[in-house]
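Letters go in sequence order (proteins before strands), and every chain restarts at 1.
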2 protein chains.
Amino acid sequence: MSLQHSKLTSVTPAPAEFPPPGTPDIEIARSVQPLSILLLAQQRFGLPGESLVPFGHYKAKLDMAYVDTSASAPRGKLVLVTAITPTPAGEGKTTTSVGLNDGFNRLGVRSSVCLREPSLGPCFGMKGGAAGGGRAQVIPMEDINLHFNGDFHAITCAHNLLASLIDNHIHWGNEAGLDPRHVSWRRVLDINDRSLRNMVCGLGGAPHGVPRETGFDITVSSEIMAILCLADGRADLKQRLGNIIIGRRADMAPVTVRDLGAEGSLTVLLKEALQPNLVQSLEHNPVFIHGGPFANIAHGCNSVTATRAALALNDVVVTEAGFGADLGAEKFIDIKCRHTGLRPDAAVVVCTIRALKMQGGVPRSKLAVPDLAALRDGAANLERHVRNLQQFGLTPVVCINRFPDDTEEEMALVQSISEELGVKAVPADHWATGGEGATELAQAVLEQMDEGTPDVKFLYEDSLPLADKIRTIATRIYHAGSVEFTTVAKRQLEEYESLGFGHLPVCIAKTQYSFSADSSIKGAPSGHMLPVREVRLAAGAGFVVAVCGDIMTMPGLPRRPAALDIALDDNGLVVGLT
Amino acid sequence: MSLQHSKLTSVTPAPAEFPPPGTPDIEIARSVQPLSILLLAQQRFGLPGESLVPFGHYKAKLDMAYVDTSASAPRGKLVLVTAITPTPAGEGKTTTSVGLNDGFNRLGVRSSVCLREPSLGPCFGMKGGAAGGGRAQVIPMEDINLHFNGDFHAITCAHNLLASLIDNHIHWGNEAGLDPRHVSWRRVLDINDRSLRNMVCGLGGAPHGVPRETGFDITVSSEIMAILCLADGRADLKQRLGNIIIGRRADMAPVTVRDLGAEGSLTVLLKEALQPNLVQSLEHNPVFIHGGPFANIAHGCNSVTATRAALALNDVVVTEAGFGADLGAEKFIDIKCRHTGLRPDAAVVVCTIRALKMQGGVPRSKLAVPDLAALRDGAANLERHVRNLQQFGLTPVVCINRFPDDTEEEMALVQSISEELGVKAVPADHWATGGEGATELAQAVLEQMDEGTPDVKFLYEDSLPLADKIRTIATRIYHAGSVEFTTVAKRQLEEYESLGFGHLPVCIAKTQYSFSADSSIKGAPSGHMLPVREVRLAAGAGFVVAVCGDIMTMPGLPRRPAALDIALDDNGLVVGLT
């Protein structure tokens with residue numbers, strides 16, 4: 001591959017002594033002393049201190065002035081990490097993205113990885129943090145999982161200021177003529193709080209506003225989150241914020257943020273949050289973690305500002321998209337790439353032997369038992385995802401993310417199945433051994449990119465009617481036999497077309513656990529029916545959301561939340577955050 | 001005054017060219033390029049970079065390890081800045097605190113000022129920012145007014161996580177036996193949002209929680225805010241958080257955060273927020289801005305961690321307390337000092353000629369007209385505050401915060417009235433000229449401190465019954481003739497005594513615009529009745545709040561909110577934030 005930057009000559013080595021296998025992620029993370037982030041940015045990218053906004057010693061934001069400059073800089077190659085259909089067993093997409101980046105750096109290639117920020121809410125519920133795992137992690141882990149540089153809090157704040165301005169507008173005479181029953185803008189918190197899903201606000205009499213039904217969602221589901229991740233600068237951010245439709249008048253005409261005059265304030269609240277965050281892997285390689293939109297009702301990718309800045313600073317940039325390739329890669333290409341002109345130069349499909357066996361019908365309790373027949377059945381899922389990526393013009397590399405109990409026969413089988421598909425499958429062991437375990441994978445991706453720049457094609461043209469866009473995704477990606485729209489959904493699609501939003505891409509919100517809308521159907525189902533319950537318009541983010549099934553936008557806490565086990569120990573270290 | 005630190009030899013001078021008089025505050029603020037905050041901390045305090053957590057180049061937090069060490073370090077002198085009864089004309093307490101600190105530094109005294117953080121909510125409503133004014137300001141002004149180092153967002157987050165844990169506890173079986181009608185813990189946002197004052201949450205059926213009445217307050221009114229500002233370290237923070245009473249069982253027995261097991265998580269969310277923030281004045285002198293509890297339902301002072309750290313690093317520390325001396329200074333001494341062992345070594349009472357004339361009955365439109373008779377009448381208010389401070393054992397210095405239209409005769413009158421009271425009154429011109437305008441004031445405070453350490457006395461002993469504590473403040477400070485408790489308030493006081501909270505200090509929540517509970521009564525009224533409507537228990541913060549009149553804990557937005565005028569200009573600078 002031809003490189004625009006010089007090859008790395010000295011890569012800071014991994015620490016000589018890692019904790020033994022079986023050590024919890026958080027202890028591995030704490031065994032490594034991070035480098036000063038200003039030093040790392042200077043050494044790796046030649047960036048002066050003024051180009052960075054430090055947050056403590058190990059985190060920084062790239063200054064917006066630098067980000068603006070980077071938009072026109074020559075770009076490195078973009079490697080999209082996606083996956084087979086996820087299972088609770090986990091396929092390790094983030095871990096692989098981090099490990100692959102460490103692998104590229106070990107090969108002397110200037111590379112960074114761009115990831116999404118974790119939501120704070122689930123940390124106190126069930127899920128725990130999200131910054132990779134094993135020896136392929138990003139540090140400082142606790143800081144990334146809690147309050148990370150204030151981004152999500154800024155989004156929460158902007159979102160709720162807008163909500164207050166809406167209710168205030170109605171309270172003081174409602175000049176815009178908003179129908180209080182048709183205010184679609186809710187409020188958000190970065191907390192799992194089921195009791196706020198449905199509420200009546202404005203109670204207590206006339207001085208306290210106009211009563212109406214509304215509720216809270218979790219911050220990652222905010223349209224402002226999607227906007228922040230698609231905006232390519234402050235002007236674009238303001239433009240998109242102004243376009244948000246907050247509700248309807250009595251005659252159903254849409255009312256926007258611009259109609260209220262609130263886009264300036266929202267932009268001010270988000271000016272720091274728009275700046276990409278720089279941190280590092282355990283092997284001291286640069287990691288951008290920025291933005292975290294839902295992968296169902298939004299596009300599920302990190303920010304455009306981070307991806308662009310990373311591409312200007314590197315020869316290779318690894319990035320991931322949420323869920324499996326049917327949702328994540330499709331949205332990455334049809335939404336993020338369409339909006340920005342970015343194109344992937346390569347793709348990696350992550351799978352595990354265990355997850356493939358689960359796709360082949362093996363129950364969770366027996367995943368460690370070798371089972372070539374089930375693996376072959378489950379590989380139909382991998383095959384479907386590979387063929388889908390080929391439709392987009394990409395020749396993916398399959399990454400077999402190794403588990404200790406995987407057998408050589410199982411590996412060989414996945415490799416031979418991949419070969420039949422015309423793609424290479426490479427085992428990778430970054431979880432256990434760090435970047436060293438992913439150099440073979442990195443090498444395979446470099447070789448694939450040496451084959452030439454792929455001709456990446458969108459799945460559909462802007463001009464296709466919205467309903468046909470949904471049908472196209474359903475049939476070509478999910479292999480559905482039909483799409484059924486509810487009466488409501490049909491009416492909504494017609495309305496959005498008539499309002500002039502027919503050119504937007506569509507974002508499918510459906511279960512990530514199946515190609516179908518039924519999460520229990522594993523493998524590679526065909527001929528199923530995709531039910532479109534309702535269609536939402538995200539006029540600011542710039543897509544139309546087709547809701548296929550129940551989508552939860554405000555999680556609840558479990559009976560025994562993780563919050564009850566999280567505390568500071570006597571040394572001021574966080575315990576209980578996994 | 002004997003100094004523990006060496007005298008400052010070179011103080012960075014103010015910039016040679018200030019913008020002309022009449023220039024808006026924000027333009028003055030932007031005319032000064034701040035020093036690197038790490039450099040400032042190193043030069044002024046000899047603090048190494050590891051003792052600081054930078055937030056950008058011009059803001060930092062003191063690392064908790066340093067704050068913990070500072071608790072036992074030798075301490076400088078503490079100067080409390082308080083004021084006469086405030087009027088909409090403004091008396092300039094924050095501006096004077098900043099100017100006085102610049103004045104001390106001009107005299108070669110190592111000094112810092114400790115202020116409260118502004119709330120983000122009102123910036124988008126009516127009030128605008130809060131970081132001093134004229135040439136006595138703190139920079140970077142926008143950063144201090146918006147999201148400042150994430151502190152208030154962390155409090156919002158911790159407060160709402162607790163609320164969610166409470167509703168979740170009820171949802172999953174309510175083992176603690178909380179009565180849903182007696183949950184006193186509400187939710188908070190750092191947004192002015194009247195529509196959230198009263199609401200019914202938990203609607204939508206069984207999967208979405210248990211319906212109950214509740215609402216949101218503004219973040220600064222959170223008990224967690226008061227706790228953060230009174231905690232002297234992480235262990236104390238956790239202890240106080242555990243003590244919060246969140247509601248009652250059916251038998252009215254209190255249920256605490258500790259009963260739910262949530263104090264560990266809340267402490268984790270607040271671990272950075274507990275660290276004091278360091279910024280600088282226009283004259284590059286150190287300013288600590290940390291915490292901002294309400295001055296009515298809470299004690300209205302900056303954090304103990306900031307005050308302690310500043311005292312360890314300086315010979316003099318200037319600090320302010322909210323509202324007039326009847327509320328601010330009383331709470332500073334009877335709550336903050338009582339809880340922490342801190343004591344003021346001197347006090348400054350800020351007044352303006354205009355505000356005194358307003359206290360003397362002059363309407364707002366005629367304040368610029370010289371009026372010695374009205375000034376003499378209004379000075380009764382100053383006299384009352386001075387005598388109150390003398391009751392505490394302090395001999396305050398009166399600061400006449402100059403306005404351009406003040407006359408020499410008016411100045412002389414205030415000075416002679418002060419002399420009769422046994423205190424010195426000094427005109428100060430820091431608003432127009434910066435620290436130079438406050439050196440005479442600073443000199444007067446130093447001379448007062450040379451008279452010896454004051455024997456500061458609390459107004460009442462811990463052992464006095466709660467009702468008698470309220471009566472003591474009412475009669476001795478407000479000069480009320482009587483206190484009337486509602487039946488509810490009487491019952492609450494009895495209950496708090498019986499629950500073992502009778503030893504706590506009381507925090508009076510009443511109008512700041514009068515010594516009485518009627519905001520229209522100016523001057524120095526006597527013999528009035530103080531009505532105590534209800535009494536609240538802040539068991540975590542460690543005080544009992546006597547609510548005397550209507551106290552608004554969630555502001556609304558005005559008809560035309562400032563939010564509609566706030567935006568980023570083409571250079572990325574904030575406009576419309578005043």
When [options] are compared by non-hydrogen pairs under 4.5 Å with chain A, the top option:
options	answer
B:Leu120, B:Leu146, B:Asp190	B:Leu120
B:Met554, B:Lys271, B:Arg212, B:Arg187	B:Arg187
B:Cys201, B:Gly204, B:Gly209	B:Cys201

Original post:
How would you list all residue pairs meeting salt bridge (Lys or Arg N to Asp or Glu O under 4.0 Å) that involve residues 200-209 of chain B, not counting sequence neighbours?
Top reply: none
Below 3.5 Å, can you tabulate the donor-acceptor pairs from side chains in residues 34-42 of chain B to any protein atom, sequence neighbours excluded?
residue: B:Ser36; atom: OG; partner: B:Leu38; partner atom: N; Å: 3.4
residue: B:Ser36; atom: OG; partner: B:Leu39; partner atom: N; Å: 3.2

Original post:
Hey, mind stepping through B:Leu557 and A:Trp172 against side-chain contact (heavy atoms from CB on, under 4.5 Å) and telling me if it holds?
Top reply: CA-CA 10 Å; B:Leu557 290 169; A:Trp172 285 108; 5.5 Å; no
**OP:** Could you look at B:Asn192 and say if it's the side chain, the backbone, both or neither that has a heavy atom under 4.5 Å from chain A?
**Re:** backbone
Under 3.5 Å, is there a donor-acceptor pair between the side chain of [X] and the main chain of [Y]?
X	Y	result
B:Arg194	A:His208	no
A:Asn160	B:Ile191	no
A:Asn168	B:Pro558	yes
A:Ser195	B:Asp167	no

Subject >> Residue among A:Val575, A:Leu269, A:Val574 with most heavy-atom pairs under 4.5 Å to chain B >> reply: A:Leu269
Subject >> Between A:Gly556, A:Ala262, A:Ala154, A:Ala60, the one whose heavy-atom pairs under 4.5 Å with chain B are most numerous >> reply: A:Ala154
Original post:
When only heavy atoms count and the cut-off is under 4.5 Å, which of residues 51-58 of chain A reach chain B?
Top reply: A:Leu52, A:Val53, A:Pro54, A:Phe55, A:Gly56, A:His57
**OP:** Taking the side chain as every heavy atom from C-beta outward, state whether A:Arg234 and B:Leu568 have any pair of such atoms under 4.5 Å apart.
**Re:** yes
Subject >> B:Leu165 and A:Pro561, any side-chain heavy atoms less than 4.5 Å apart >> reply: yes
Original post:
At a heavy-atom separation under 4.5 Å, does A:Ile170 approach chain B through its side chain, its backbone, both, or neither?
Top reply: neither
**OP:** Select one option (side chain, backbone, both, neither) describing which atoms of A:Glu213 are under 4.5 Å from chain B's heavy atoms.
**Re:** neither
**OP:** Sequence neighbours left out, what pairs pass ring-ring contact (aromatic ring centres under 6.0 Å, His included) with at least one residue falling in residues 143-168 of chain A?
**Re:** A:His147-A:His153, A:His153-B:His153, A:His159-A:Trp185
**OP:** In sequence, state the C-alpha distance, the side-chain angles, and the governing distance for B:Val268 and A:Leu577, and then conclude on side-chain contact (heavy atoms from CB on, under 4.5 Å).
**Re:** CA-CA 10 Å; B:Val268 165; A:Leu577 184 67; over 6 Å; no
